[in-house]
Enquirer: 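Below you will find the structure I want to go over with you.
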Amino acid sequence: MPENVIVTSALPYANGPIHFGHVVGAYLPADIYVRFRRMRGDHVHFVCGTDEHGVAITLKAEQAGKDYQAYVDHWHKEIRRTLEELVGIRFDAFSGTSHARNPHHRELAQRFFLDLLHNGYLFEKTEEQFFSPSLGRFLPDRYVEGTCYLCGFDEARGDECPRCGKYLDARRLANPLCTIDGQPPVLKATKHWYLDLPKLKQEWVQGWFEGKAADWKANVKAFVANDLEELRERPETRDLPWGVPVPLPGTDGKVLYVWFDAPIGYLSISKQYFAERGEPERFERLWKDPSTRLIHFVGKDNITFHCLIFPAMLYGTKAGWIVPANVPANEFFQLEGRKFNTSTGWFIPEESVRGRFSTDALRYALCTMMPETADADWSWKEFQARVNADLNDNLGNFVARSLRFAERFLESELPPLGQPAPRDREILAAAGAAAADMAAAFLRFEFRRACQRLMAFSSECNRYYDEMQPWVLRKQDPARCRQVLRVCAELVHSLAILAAPILPDTAQKVLGAFLPAHDDAGRPSLPPGPLRVQPLPTLFTKVEDKVVEEELARLRAVAKGGTAAAPAAPPARKPDEKPATAGAPQAAAPAGAIAYESFAAVELRAGTVRAARRHPDADKLLVLEVGLGSETRTIVAGIAASYTPEALQGHRVVVVANLAPRKLRGIESQGMLLAADDAEGKPRLLTPGPGTPDGAKVK
RNA sequence: GGCGGGAUAGCUCAGCUGGUUAGAGCGAAGGCUUCAUAAGCCUUAGGUCGCCGGUUCAAGUCCGGCUCCCGCUACCA
């Protein structure tokens with residue numbers, strides 16, 4: 001019986017490009033799943049769009065000198081284009097959360113807020129919060145430092161004391177300073193609304209999760225069970241100029257927290273979709289029907305949110321919204337063993353792919369590398385192997401040899417299936433078995449397994465062909481030869497159908513080889529009558545060694561800190577990176593130039609590391625004795641990830657010599673070293689040229 | 001340091017609730033074949049299942065300890 005299924009992919013944050021890591025985590029599996037479900041006859045509604053609120057976007061937009069809407073419009077377009085063109089993702093509804101793009105979003109998010117409020121799951125609390133007069137913003141606790149009122153540690157952060165490990169009340173810190181500009185903040189009252197997650201957990205979330213999660217992926221369950229332990233109340237509003245206004249009187253300047261409104265985007269985008277189609281009633285009918293299966297495809301970092309908080313919100317409205325049936329989250333995806341990083345160039349630029357490889361080749365390779373149960377990564381060698389050996393040699397070649405043979409030797413005419421021989425029946429049954437196995441794999445979100453099964457079946461087809469030896473039959477038993485090729489046509493058709501969710505374009509092409517034409521992609525077999533076939537242009541081409549070499553060379557250059565071609569794109573916010581809370585730090589940073597005096601105030605000097613040791617109480621820190629000619633400074637530097645103490649002996653460095661001393665994890669640092677991050681995000685020290693004596697001023 | 005995840009054939013990985021000779025694909029080697037995109041098919045490859053100990057008639061598969069790797073996070077900006 002057909003099911004109603006709503007499939008969502010995590011809403012990409014509209015402040016940067018998306019890369020293969022995102023694609024393989026949330027978009028490709030969703031798209032494959034959707035296509036598979038459709039072929040099965042289910043009614044699928046595939047929803048996505050851009051997440052367009054939050055502090056990070058306001059900051060980026062300000063830096064770019066654009067207004068917020070223009071900024072998110074740009075990325076909205078860009079992201080959609082990438083997903084659709086590069087990897088062939090076909091959403092039903094793709095919109096966004098900004099009011100201009102989606103007029104339904106604001107109202108629906110506000111309705112959620114009010115429902116939760118009326119049902120007692122949101123409560124307001126007015127608290128004094130640190131406010132920076134110089135920045136004109138409220139400061140999140142973690143951006144305030146002061147003396148711990150519990151242990152006296154003088155560098156306690158507002159949220160937690162690093163020395164005694166206790167959670168702190170920022171307002172009780174002695175001598176608070178803003179860590180952004182070093183100015184003392186003032187306390188100012190502000191009112192916010194908190195989601196009562198402990199209450200929701202006790203009342204419903206825990207029971208729901210524990211009872212219903214039997215068939216969820218193991219990696220997801222482990223993650224959620226852990227997070228369930230520490231569900232706390234969360235403020236769901238912010239003081240910001242960009243977002244969904246809090247729908248209550250006297251709340252000017254307050255908006256809903258981006259994490260609150262973003263997932264509601266799934267609903268509002270769907271609502272917009274149906275409204276624009278002139279069927280507005282279908283929206284609630286679908287989202288409130290208990291038999292609808294809601295499935296969220298997300299990355300590992302979104303698990304807690306989609307498995308606990310958002311379901312809690314849906315439940316808490318008591319409005320009858322369905323809650324997710326499954327959240328088949330993927331783990332992280334890396335590139336040749338390292339994290340994708342758009343700002344350092346450690347990613348795959350579109351030029352490396354566009355026009356070079358088909359979307360199907362990319363889809364297939366990504367699918368076989370999908371981080372379903374553990375972190376995985378993109379490897380160019382692996383990509384080449386998958387495309388060449390699987391798609392080209394195995395699947396593509398079976399299709400080609402079958403169709404070409406029919407054309408060359410059988411005038412493209414094939415008889416009705418008639419009475420298949422035992423071996424024919426066997427291989428035709430194998431197609432059914434493959435279909436069943438692949439369906440089971442898809443339904444369990446085992447996409448890699450589905451790929452493997454597809455190729456296994458393709459191998460079976462090749463084996464059948466070799467056993468039958470049509471090139472021999474052609475001369476000895478022409479009738480049997482035609483029959484065998486008729487079976488092969490059947491197999492080619494089966495391959496196309498089976499591959500369709502993963503390789504939609506290829507499937508389409510292959511189906512075009514059969515006459516009379518039939519476009520029912522879900523059809524399990526060809527019409528039984530006589531058949532005309534026509535050969536196809538080459539389905540796949542091999543990935544040359546040269547291409548792999550080029551790409552690897554490019555990455556090697558990036559790794560060395562070279563200036564390999566990398567579009568100057570702002571880094572995408574990682575999905576788990578919480579949009580900074582009200583009044584984010586970088587807000588202060590003016591976008592433009594500084595006066596020369598500002599630079600001149602910094603005293604930079606050449607120096608040499610005389611001694612180095614590990615910081616006793618921090619993993620990333622080294623404690624250095626740096627000679628500056630006339631004096632030796634103790635400098636604590638966060639470079640342990642890149643350098644061992646031994647390697648630093650005698651290393652030349654550039655030191656900020658007039659930086660106010662500061663205690664770092666208990667040791668006073670009398671200066672700072674200059675360094676630049678490499679492709680892995682690890683710091684690399686700057687070195688003065690030869691002949692510059694210690695103490696020489698850098699200008 | 002805290003939290004989480006890994007460690008199985010050269011490579012990428014499967015191995016659920018413990019049970020005959022530990023599997024697949026790729027790569028490699030040898031052979032067969034010529035319809036096909038120098039594609040296909042067959043055979044082979046003998047890996048202390050990270051290390052140590054324990055539970056058990058029986059352990060990659062459960063328990064404890066250890067080592068290494070990865071991600072998030074803290075100290076670093």
Side-chain angles (χ1 to χ4, degrees), chain A residues 142 155 157 159-163 165 179 218-219 222-223 225-227 229-230 300-301 303 331-334 337-339 368-369 371-377 379 381-382 384-386 388-410 446 448-449 451-453 455-456 458-474 481 484-485 488 535-542 574 576-577 585 615-622 635-642 656 659 662-667 669 672-677 683:
Chain A
R142 51 179 292 220
E155 285 171 44
R157 299 190 338 171
D159 54 347
E160 189 182 7
C161 174
R163 176 178 289 175
T179 60
N219 61 324
F223 209 97
N226 189 45
D227 285 349
E229 297 299 313
E230 37 194 81
K300 181 201 259 178
D301 31 36
I303 289 178
E331 300 290 297
F332 287 129
F333 194 62
Q334 300 181 264
R338 296 180 192 168
K339 280 202 308 180
T368 63
M369 302 175 196
E372 283 169 358
T373 58
D375 293 355
D377 62 11
S379 140
K381 289 228 162 88
E382 187 65 16
Q384 182 186 35
R386 296 279 69 84
N388 294 3
D390 294 353
L391 293 182
N392 196 77
D393 298 350
N394 186 350
L395 195 156
N397 191 238
F398 176 73
V399 172
R401 73 198 298 203
S402 298
L403 297 180
R404 284 279 296 156
F405 190 98
E407 187 215 11
R408 279 186 63 190
F409 304 111
L410 308 178
E446 294 173 349
R448 300 174 79 144
R449 189 182 292 277
C451 288
Q452 289 167 6
R453 192 62 186 83
M455 286 309 145
S458 183
S459 284
E460 289 183 84
C461 294
N462 273 312
R463 220 168 294 147
Y464 169 81
Y465 195 104
D466 277 16
E467 282 176 33
M468 295 302 106
Q469 299 185 302
W471 59 92
V472 174
L473 289 174
R474 177 166 71 88
C481 180
V484 165
L485 262 295
C488 287
L536 295 168
T538 305
L539 291 176
F540 303 103
T541 50
K542 291 206 178 194
K574 287 169 295 179
D576 66 325
E577 198 173 296
H615 192 293
D617 194 27
D619 291 349
K620 289 187 186 170
L621 304 184
L622 295 183
I635 294 179
V636 180
I639 54 174
S642 310
V656 179
L659 195 66
R662 184 175 155 183
K663 270 193 187 176
L664 296 178
R665 211 95 180 156
I667 294 179
S669 181
M672 166 183 148
L673 302 187
L674 294 191
D677 283 354

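Since the structure is predicted, the reported quantities are computational estimates derived from the model, not experimental observations. In the text below, chain A, chain B and the rest are named by the order of the sequence lines, each starting its count at 1.
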Enquirer: Please classify rG40(B) as syn or anti, treating any glycosidic angle within 90° of 0 as syn.
Expert: anti
Enquirer: Measuring only the C1' atom in each nucleotide, how far is rC13(B) from rC75(B)? A whole number of Å is fine.
Expert: 37 Å
Enquirer: When you compare rG18(B) with rG60(B), how far apart are their P atoms, in angstrom units rounded to a whole number?
Expert: 13 Å
Enquirer: Any base atoms under 4.0 Å from Ala374(A), or only sugar-phosphate, or nothing? Heavy atoms, all strands.
Expert: nothing
Enquirer: Looking for any heavy atom pair under 4.0 Å, which part of the strands does Gln469(A) touch: base, sugar-phosphate only, or nothing?
Expert: nothing
Enquirer: Look at the side chain of Asp375(A) and decide which nucleotide, out of rA14(B), rC26(B), rG71(B), has an atom nearest to it.
Expert: rG71(B)
Enquirer: In Å and rounded to the nearest 0.5 Å, what is the CG to CG distance from Leu395(A) to Asp390(A)?
Expert: 9.0 Å
Enquirer: Roughly how many Å is it from CG in Asn397(A) to P in rU33(B), rounded to a whole number?
Expert: 19 Å
Enquirer: By nearest nucleotide on RNA chain B, pick out whichever of Ala400(A) and Glu446(A) is the more 5' one.
Expert: Glu446(A)
Enquirer: Counting the atoms with a prime plus P, OP1 and OP2 as sugar-phosphate, which does Leu539(A) contact under 4.0 Å by heavy atoms, base, sugar-phosphate, or nothing?
Expert: base
Enquirer: Begin from the C-alpha positions of Glu467(A) and Arg463(A) and carry the test salt bridge (charged side-chain N to carboxylate O under 4.0 Å, His left out) through to its verdict.
Expert: CA-CA 6 Å; Glu467(A) 282 176 33; Arg463(A) 220 168 294 147; over 6 Å; no
Enquirer: Could you work out which one of rG40(B), rC13(B), rA77(B) sits closest to the side chain of Ala376(A)?
Expert: rC13(B)
Enquirer: Which nucleotide, rC41(B), rA77(B), rG40(B), lies nearest any side-chain atom of Ser459(A)?
Expert: rC41(B)
Enquirer: Looking at the side chain of Trp471(A), which of rA77(B), rC35(B), rG71(B) is the nearest nucleotide?
Expert: rC35(B)
Enquirer: Counting only side-chain heavy atoms from C-beta out, which of rC26(B), rC75(B), rC70(B) sits nearest to Leu621(A)?
Expert: rC75(B)
Enquirer: Which value, rounded to the nearest 0.5 Å, describes the distance between Thr368(A) atom OG1 and Gln452(A) atom CD?
Expert: 8.5 Å
Enquirer: What's the gap between rA58(B) and rA7(B) when it is taken at their P atoms, as a whole Å value?
Expert: 25 Å
Enquirer: With a non-hydrogen cut-off below 4.0 angstrom, is Phe398(A) in contact with a base, only sugar-phosphate, or nothing?
Expert: nothing
Enquirer: Check whether any side-chain heavy atom of Val484(A) lies under 4.5 Å from a side-chain heavy atom of Gln469(A), and answer yes or no.
Expert: no
Enquirer: Which of these nucleotides, rA77(B), rA39(B), rC42(B), is closest to any side-chain atom of Met672(A)?
Expert: rA77(B)
Enquirer: Which whole-number value in Å describes the distance from Ile639(A) CD1 to rC75(B) C1'?
Expert: 14 Å
Enquirer: Taking atom C1' in both rC62(B) and rC57(B), what distance in whole Å separates the two?
Expert: 16 Å
Enquirer: As an exercise, state the distance from CG of Leu485(A) to CG of Leu403(A), rounded to the nearest 0.5 Å.
Expert: 9.0 Å
Enquirer: Would you please name every residue forming a side chain to side chain contact (heavy atoms under 4.5 Å, CB included) with Ala376(A), sequence neighbours left out?
Expert: Phe333(A), Pro371(A), Arg448(A)
Enquirer: For RNA chain B, whose closest nucleotide is more 5', that of Asp393(A) or that of Arg401(A)?
Expert: Arg401(A)
Enquirer: When all nucleic acid strands are considered with a 4.0 Å heavy-atom cut-off, which category describes Thr368(A): base, sugar-phosphate, or nothing?
Expert: nothing
Enquirer: Measuring only the P atom in each nucleotide, how far is rA14(B) from rG5(B)? A whole number of Å is fine.
Expert: 16 Å
Enquirer: Consider the side chain of Arg448(A), meaning its heavy atoms from C-beta on, and name the nucleotide among rA77(B), rU37(B), rU12(B) that approaches it most closely.
Expert: rU12(B)
Enquirer: Identify, with sequence neighbours excluded, every residue that meets side chain to side chain contact (heavy atoms under 4.5 Å, CB included) alongside Asp377(A).
Expert: Gln334(A)
Enquirer: Going from CE on Met455(A) to SG on Cys461(A), what distance comes out if it is rounded to the nearest 0.5 angstrom?
Expert: 11.0 Å
Enquirer: With respect to the side chain of Ala389(A), which nucleotide from rG27(B), rC35(B), rG25(B) is positioned closest?
Expert: rG27(B)
Enquirer: In whole Å, measure the gap between the P atoms of rG50(B) and rA22(B) for me.
Expert: 15 Å
Enquirer: Tell me the stems RNA chain B sits in, counting at least three consecutive Watson-Crick or G-U wobble pairs, each under 3.5 Å on both distances.
Expert: B:1-7 with B:67-73, B:10-13 with B:23-26, B:28-32 with B:40-44, B:50-54 with B:62-66
Enquirer: Can you measure from CZ (Arg386(A)) to CE (Met369(A)) and round to the nearest 0.5 angstrom?
Expert: 8.0 Å
Enquirer: Please classify the nucleic acid contact of Lys300(A) as base, sugar-phosphate, or nothing, using heavy-atom distances under 4.0 Å.
Expert: nothing
Enquirer: So, is Lys620(A) near the phosphate of rU73(B), with a side-chain N or O under 4.0 Å from OP1 or OP2?
Expert: no
Enquirer: Between the base of rC35(B) and the side chain of Tyr465(A), is there a donor and acceptor pair under 3.5 angstrom?
Expert: yes
Enquirer: Measuring only the C1' atom in each nucleotide, how far is rU44(B) from rA9(B)? A whole number of Å is fine.
Expert: 14 Å
Enquirer: Has Thr373(A) got a side-chain N or O lying under 4.0 Å from the OP1 or OP2 atom of rA14(B)?
Expert: yes
Enquirer: When you compare rC49(B) with rG23(B), how far apart are their C1' atoms, in angstrom units rounded to a whole number?
Expert: 12 Å
Enquirer: Please evaluate the base of rU37(B) for a donor-acceptor partner in the side chain of Asn392(A) within a cut-off of under 3.5 Å?
Expert: yes
